[in-house]
Amino acid sequence: MGISILVLNDISVAHQTHLQQHYRPTFAFTPEARARAIETQGADFEVVLTIGLLGLRADEMDAMPRLRMVSSMGAGYENIDVAAAKARGLIVTHGRGANDECVADHAIGMMIAVMRNFSELDRLCRDGVWRTQIALPPQVSGKRLGILGLGAVGERIAQRARAFRMDIGYHNRHQRPALEYTYFDNAEALARWCDVLVCAMPGGAATKHMVNAKVLAQLGPEGYLVNVGRGSIVDTTALATALETRSIAGAALDVYESEPAPPHALIGQNHLLLSPHMAGWSPEAIQAQFDIFLQNLDAVFAGKDPVTPI
């Protein structure tokens with residue numbers, strides 16, 4: 001009858017149709033539907049498809065005795081209890097590499113937009129304000145870019161930034177000597193050096209509030225923050241204070257701690273650009289993520305190794 005799949009993240013109608021044609025999916029896109037599906041059909045599910053934000057808990061795994069694989073459609077998996085899954089012998093996969101280019105594109109776009117103050121310039125132009133009445137925004141070219149997390153996404157951001165003649169520095173769990181970029185052993189030192197600090201790290205306890213009041217103070221009144229990693233990396237309260245007091249020049253966030261709810265502490269702040277966790281979303285990236293999920297699914301149930309294991 002086909003593999004039984006519990007789908008927790010909202011997917012397109014086309015992808016729903018594909019799963020219905022080839023497998024036995026149950027779509028549970030709300031917390032209520034999720035709880036009900038696991039309670040009433042848990043004994044049947046062999047695969048769970050989720051995302052990092054929604055995750056999968058250990059007690060939910062316990063309610064699915066036939067479960068063999070847990071897949072995050074995106075690259076992030078911070079709310080999947082990976083240790084619990086592996087202790088149960090489950091295979092855990094994610095969508096590594098599917099949306100790296102898209103996230104890097106978005107990061108560079110946000111960096112330019114916040115530094116050049118596009119949102120405010122658009123509003124002023126519509127109000128009939130001419131350039132001689134507007135404070136001059138800085139140029140992007142030639143600035144120093146600091147990257148928190150020089151993984152696949154961070155590398156692609158750096159590659160794009162080089163076209164703007166930007167000097168590149170980074171902080172990572174481990175130095176990468178093969179790359180020519182300047183390494184900093186902590187976030188404060190990197191923030192003190194750079195003009196723009198881009199967060200491209202994964203979420204989780206190890207990176208929670210890595211960008212805090214001290215780091216923002218080092219970034220300084222002419223420095224900009226961009227976050228396309230995870231909302232938990234940035235201390236929202238500290239960022240709100242930094243923006244309000246103009247102790248940093250501006251910020252652009254694609255991710256934030258309260259998501260999917262808006263970051264209410266930041267909404268009223270000027271010199272802030274927001275997007276609703278869209279950096280990794282494009283038709284091309286979403287299709288690539290779905291394709292990787294199917295490749296993992298087919299490989300595991302054919303007795304082969306998954307293509308993107310965690």
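The structure presented is a predicted model; accordingly, all values stated were derived computationally and were not measured.
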*Could you go through the side-chain contact (heavy atoms from CB on, under 4.5 Å) check for Val211 and Cys199 one step at a time?*
CA-CA 9 Å; Val211 177; Cys199 305; 3.7 Å; yes
*asked:* For the residue pair Asn99 / Ser282, report whether a side-chain donor-acceptor contact shorter than 3.5 Å exists.
replied: no
_Does any part of the side chain of Leu145, heavy atoms only, come nearer than 4.5 Å to the side chain of Ile157, both counted from C-beta?_
yes
*asked:* Is it true that Gln289 and His15 share a donor-acceptor pair across their side chains at a distance under 3.5 Å?
replied: no
_Over all atoms of both residues, closest heavy-atom pair of Leu219 and Leu197_ = CD1-CB, 4.1 Å
*Give the intermediate values and the outcome of side-chain contact (heavy atoms from CB on, under 4.5 Å) for residues Ile112 and Phe118.*
CA-CA 8 Å; Ile112 296 170; Phe118 281 176; 3.9 Å; yes
*So do Glu101 and Glu284 actually touch side chain to side chain, heavy atoms under 4.5 Å?*
no
*Could you tell me whether the side chain of Leu297 reaches within less than 4.5 Å of the side chain of Tyr23, counting heavy atoms only?*
yes
_For the residue pair Arg68 and Phe301, would you count it as a cation-pi contact if the rule is NZ or CZ under 6.0 angstrom from the ring centre and within 45 degrees of the ring axis?_
yes
*Within the distance-only criterion (no hydrogens, no angle test), does the side chain of Asp127 pair as donor or acceptor with the backbone N or O of Val129 below 3.5 angstrom?*
no
*Separation of Asp44 CG from Arg24 CZ (nearest 0.5 Å)*: 4.5 Å
_Could you check whether atom CZ of Phe293 has more than 12 heavy atoms from other residues, nucleotides or ligands sitting under 6.0 Å from it?_
yes
*Check: Tyr170 ring centroid to Phe184 ring centroid under 6.0 Å*: no
*Shortest non-hydrogen contact from Ala299 toward Pro306*: CB-CA, 4.4 Å
*Do you know the tightest heavy-atom contact between Thr26 and Ala37?*
CG2-CB, 4.2 Å
*Would you say Thr207's side chain and Pro202's backbone share a donor-acceptor pair under 3.5 angstrom?*
yes
*Check whether any side-chain N or O of Thr308 sits under 3.5 Å from a backbone N or O of His94 as a donor-acceptor pair, and report yes or no.*
yes
*With a 3.5 Å cut-off and no angle check, do the side chains of Ser71 and Asn296 form a donor-acceptor pair?*
no
_Using 0.5 Å steps for rounding, measure from the CD1 atom of Ile233 to the CG atom of Leu148._
7.5 Å
*Do the side chains of Val7 and Phe29 get nearer than 4.5 Å, heavy atoms only?*
yes
*Can any side-chain N or O of Gln139 pair as donor or acceptor with the backbone N or O of Ser141 at less than 3.5 Å?*
yes
_Nearest-0.5 Å distance that lies between atom CG in Leu190 and atom CD in Glu188_ = 11.0 Å
*For the pair Leu56 and Met61, evaluate side-chain contact (heavy atoms from CB on, under 4.5 Å) and give the outcome as yes or no after the intermediate values.*
CA-CA 7 Å; Leu56 191 69; Met61 298 175 199; 3.8 Å; yes
*Kindly say whether Ala279 contributes a backbone atom to a donor-acceptor pair with the side chain of Asp254 at under 3.5 angstrom?*
yes
*Is there a path from Ile292 to Leu294 through hydrophobic residues (I, L, V, M, F, W, Y) whose side chains come within less than 4.5 Å of each other?*
no
*Of all the heavy-atom pairs spanning Arg96 and Val307, show the shortest one and how long it is.*
NH2-O, 3.8 Å
_So, using salt bridge (charged side-chain N to carboxylate O under 4.0 Å, His left out) as the criterion, who are the partners of Arg57 when residues are at least two apart?_
Asp59, Glu60
*Should Glu222 and Asp195 be marked as a side-chain contact (heavy atoms from CB on, under 4.5 Å) after you check the CA-CA gap, both sets of side-chain angles, and the distance that decides it?*
CA-CA 7 Å; Glu222 295 183 356; Asp195 301 299; 6.0 Å; no
*Spacing of Leu8 atom CG and Ile38 atom CD1 [to the nearest 0.5 Å]*: 6.5 Å
_Using modelled atom types and a 3.5 Å cut-off, is there a donor and acceptor pairing between side-chain atoms of Glu46 and backbone atoms of Ser4?_
yes
*In Å, rounded to the nearest 0.5 Å, how long is the span from CZ of Arg246 to CD of Glu244?*
12.0 Å
*Are any of the side-chain nitrogens in Asp62 or Arg88 under 4.0 Å away from the carboxylate oxygens of its partner?*
yes
*With a 4.0 Å cut-off, would you call Arg123 and Glu120 a salt bridge?*
yes
*Side-chain heavy atoms under 4.5 angstrom apart, residues restricted to Ile, Leu, Val, Met, Phe, Trp, Tyr: same cluster for Leu274 and Val103?*
no
*Any luck finding a side-chain donor-acceptor pair between Asp291 and Gln295 under 3.5 Å?*
no
*Is Asn79 reaching over with its side chain to a backbone N or O of Gly52, donor-acceptor style, under 3.5 angstrom?*
yes
*asked:* How about CD on Gln20, more than 12 heavy atoms from neighbouring residues, nucleotides or ligands closer than 6.0 Å, or not?
replied: yes
_Heavy-atom pair of closest approach, residues Gly280 and Cys102_ = C-SG, 4.0 Å
*Quick check: does any side chain N or O of Arg230 sit under 3.5 Å from a backbone N or O of Val255, one acting as donor and the other as acceptor?*
no
*asked:* Which heavy atom of Ala152 sits nearest to which heavy atom of Asp100, and what is that distance?
replied: CB-OD2, 3.2 Å
*Quick one: does Pro138's side chain get under 4.5 Å of Tyr224's, heavy atoms only?*
yes
*Met111 and Leu225: same hydrophobic cluster, using ILVMFWY side-chain contacts below 4.5 Å?*
no
*Could you grab the distance from atom CD1 of Ile168 to atom CD of Glu155, nearest 0.5 Å is fine?*
11.5 Å
*Is there a side-chain contact between Phe45 and Arg66 (heavy atoms, below 4.5 Å)?*
no
*Answer yes or no: is there a side-chain heavy-atom contact under 4.5 Å between Leu239 and Ile248?*
yes
_Met201-Met110 co-clustered via ILVMFWY side chain contacts under 4.5 Å_ = no
*With the 4.5 Å side-chain cut-off for hydrophobic clustering, are Leu243 and Met115 part of the same group?*
no
*What do you reckon, is CH2 of Trp193 surrounded by more than 12 foreign heavy atoms closer than 6.0 Å?*
yes
*asked:* Treating Arg160 as the side-chain partner and Ile108 as the backbone partner, does any N or O pair qualify as donor plus acceptor under 3.5 Å?
replied: no
*Look only at the side chain of Gln16 and the backbone of Ile11, and say whether a donor-acceptor pair between them is shorter than 3.5 Å.*
yes
*Is there a side-chain contact between Ile286 and Ser12 (heavy atoms, below 4.5 Å)?*
no
